[in-house]
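What follows is a single structure, written as structure tokens, with notes after it.
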Amino acid sequence: MEKGVTMTSVQVEEHHDGNEAAAATEGASGDNEGYQRGLGARQIQMIAIGGAIGTGLFLGAGKAIHKAGPSLILAYAIAGLVIFFIMRALGELLMYRPVSGSFSEYAREFVSPFFGFVTGWTYWLFWVVTGITEVTAAAQYMQYWTHDSIPQWAYALIFTVILYGANLISVKLFGELEFWFSMVKVTAIIGMILICAGILTIGFSDAGDSASVSHLWDNGGFFPNGIGNTLMTLQIVMFAFLAVELVGVTAGESKDPKKTLPKAINTVPWRIAVFYVGALIMILSVVPWTHFQPGVSPFVAAFEKMGLGVGAAIVNFVVLTAALSSCNSGMYSTGRMLRDLALNGQGPKFFTKLTKNGLPLVGTTASAALMLVGVWINYQWPGEAFNYVVSFATISGMWAWIMILVSQINYRRKADRGLVPQSTFRAPGAPYTSWFALAFIGMVIVMMGIDKDARISLYCAPIWAAILCVSYLVLKSRNPEAAAFKKRVHTGQGVESADAAPVTKD
């Protein structure tokens, strides 16, 4: 398929009758979609590592520490285990068929075309909202140096424009930029952990005399505000992990997805152990949890309490790059998700067009334009902008996780019955681990309903669902016989419609 030609994935499959086996290996997306496989192993690894290190950890953790105290460490550990279950479920699906539209494509095949439509558009919205969140955080970080001499909304506008320009490059250069962005974040956290370890053992800096692991239980206990408040922080904790699934979107542009993606997914446990659990243990051992306040990065606050002013400035720069990196990844994924929807007849056809460099320019431009809403939010409510968008980003991002788990459960049933090929990267403990993860996500949603600050997202969700339902029905009424509205199954000999290859309902 030549770049610039608009062709649905169904048409692609019909056009390559003599290459069904190859199409099965690459999936409905990937080479046949015109993307360039420019992301190497080290880039995929660092995108996977850096994807989960962003605003949720660097900024949102301040509010969570204030609310839960040291027990936040346990919340991150348990939530991290759930994230590992989700990622292994995704890995099983990716090795069955690595496609750039991953979540929505699997939902189409193993749930229904409607849920594929909802998942694709919701994940796109998630990254648009997350982009707003990240530029909001970046604008707040800039106030550390400028002290309100430049309005917060101005920074949000500048960053949005710069990151849009950065996405008008080749996917190889995007991967290289993300590699170094992630390297900065990883190096900074490891450096901070080593400094805290030095303070605890050698006792240098202003915090040397008082630093002690006993801070984890001396100031009101491990659960100083009760288990209830710890549970209420779960939506902040889960928001911090949003974007770990981004490696699934890179499947269509990875040089060797069968090799690189499993390795990236298997790094999840130690990533969480070091960057979340380990970092929080060290910070809260050096500085008592009572010293942290909402809206202030715990990393910056910790260095200030240590008397290391230069260190605080450095950390502020690192968390600034972390926010911009996450927003950059958001612009990358939104363009790909819109194109996947268009290729499957569930979005406007003009989103299918690629540039000569294999970039979905139209989808990226449309998404960046909507991210400018973040500039208006920062102008109207500069103090509350971050809190407003975090809760909605959480609920929309968790929908992708739900669909990954449901799709994996249904896929495993069919694979075990011999109806589809077995994956080479089976999720351990599935489907029980997948059911456990679904139950945990359900509990988080309940907690969000109880929390008055997060409840707004649950008000917005039904409105978004109604918009999607109406849109789907309108599209289907215009062309009810289109393949986009018929359930399909990947048989190992190509993706076929339900009419061509009936699938027994589970």
Side-chain angles (χ1 to χ4, degrees), residues 38-59 61 80 83 87 130-131 134-135 137-138 141-142 159 162-163 165-167 169-198 240-250 253-256 259-280 282-283 297-300 302-303 308 310-333:
L39 297 177
R42 67 181 178 87
Q43 294 166 330
I44 294 293
Q45 284 286 345
M46 290 307 292
I47 288 173
I49 292 172
I53 306 173
T55 309
L57 174 62
F58 288 120
L59 183 61
I83 293 300
M87 291 302 293
T130 298
E134 301 295 4
V135 294
Y141 292 143
M142 289 301 297
F159 289 144
I162 290 175
L163 291 175
N167 270 268
I169 54 179
S170 68
V171 68
K172 182 177 181 180
L173 186 52
F174 160 81
E176 199 64 26
L177 289 174
E178 283 304 305
F179 173 85
W180 290 108
F181 270 140
S182 297
M183 183 66 74
V184 170
K185 293 184 284 187
V186 169
T187 302
I189 294 179
I190 293 176
M192 186 276 303
I193 291 175
L194 292 176
I195 290 173
C196 288
F241 288 125
L242 292 175
V244 294
E245 75 290 332
L246 184 63
V247 292
V249 182
T250 67
E253 293 169 279
S254 173
K255 289 181 180 178
D256 188 2
K259 181 178 180 181
T260 58
L261 295 178
K263 286 185 177 180
I265 289 171
N266 279 335
T267 64
V268 170
W270 72 260
R271 270 188 279 157
I272 293 171
V274 173
F275 300 131
Y276 287 89
V277 177
L280 285 175
M282 301 307 291
I283 287 177
S297 168
F299 292 82
V300 173
F303 274 99
L308 303 175
V310 176
I314 293 174
V315 171
N316 198 71
F317 171 75
V318 172
V319 296
L320 171 65
T321 62
L324 296 179
S325 171
S326 184
C327 185
N328 190 38
S329 297
M331 288 193 181
Y332 166 85
S333 61

Please report the shortest heavy-atom distance between Ile193 and Gly278, naming the atom on each side. CD1-C, 4.3 Å
Between Thr321 (side chain only) and Val318 (backbone N and O only), is there a donor and an acceptor less than 3.5 Å apart? yes
Would you mind telling me which of Asn266, Thr267, Val268 makes a side-chain contact (heavy atoms from CB on, under 4.5 Å) with Met87? Val268
Scanning both residues in full, the closest heavy-atom pair of Met192 with Ala279 reads CE-CB, 3.8 Å
Quick check for you: to the nearest 0.5 Å, what is the distance between Leu324 atom CG and Ser329 atom OG? 11.0 Å
Closest non-hydrogen contact found for Lys185 with Ser325 is NZ-OG, 3.6 Å
I'd like to check the side-chain contact (heavy atoms from CB on, under 4.5 Å) partners of Ile190; sequence neighbours left out, ordered by chain and number. Val186, Leu194, Phe275
Checking Pro269 now: which residues fulfil side-chain contact (heavy atoms from CB on, under 4.5 Å) with it, not counting sequence neighbours? Phe84
Atom of Val135, atom of Cys327 and distance for their closest heavy-atom approach: CG1-SG, 3.7 Å
Ring pair (Phe, Tyr, Trp, His ring centres under 6.0 Å) partners of Phe159, counting only residues at least two apart: none
Smallest heavy-atom separation, Arg271 atom then Ile265 atom, equals NH2-O, 4.5 Å
Return yes if some donor-acceptor pair links the side-chain N/O of Ser182 with the main-chain N/O of Phe179 below 3.5 Å, else return no. no
Smallest heavy-atom separation, Ile283 atom then Ala302 atom, equals CG2-CB, 4.1 Å
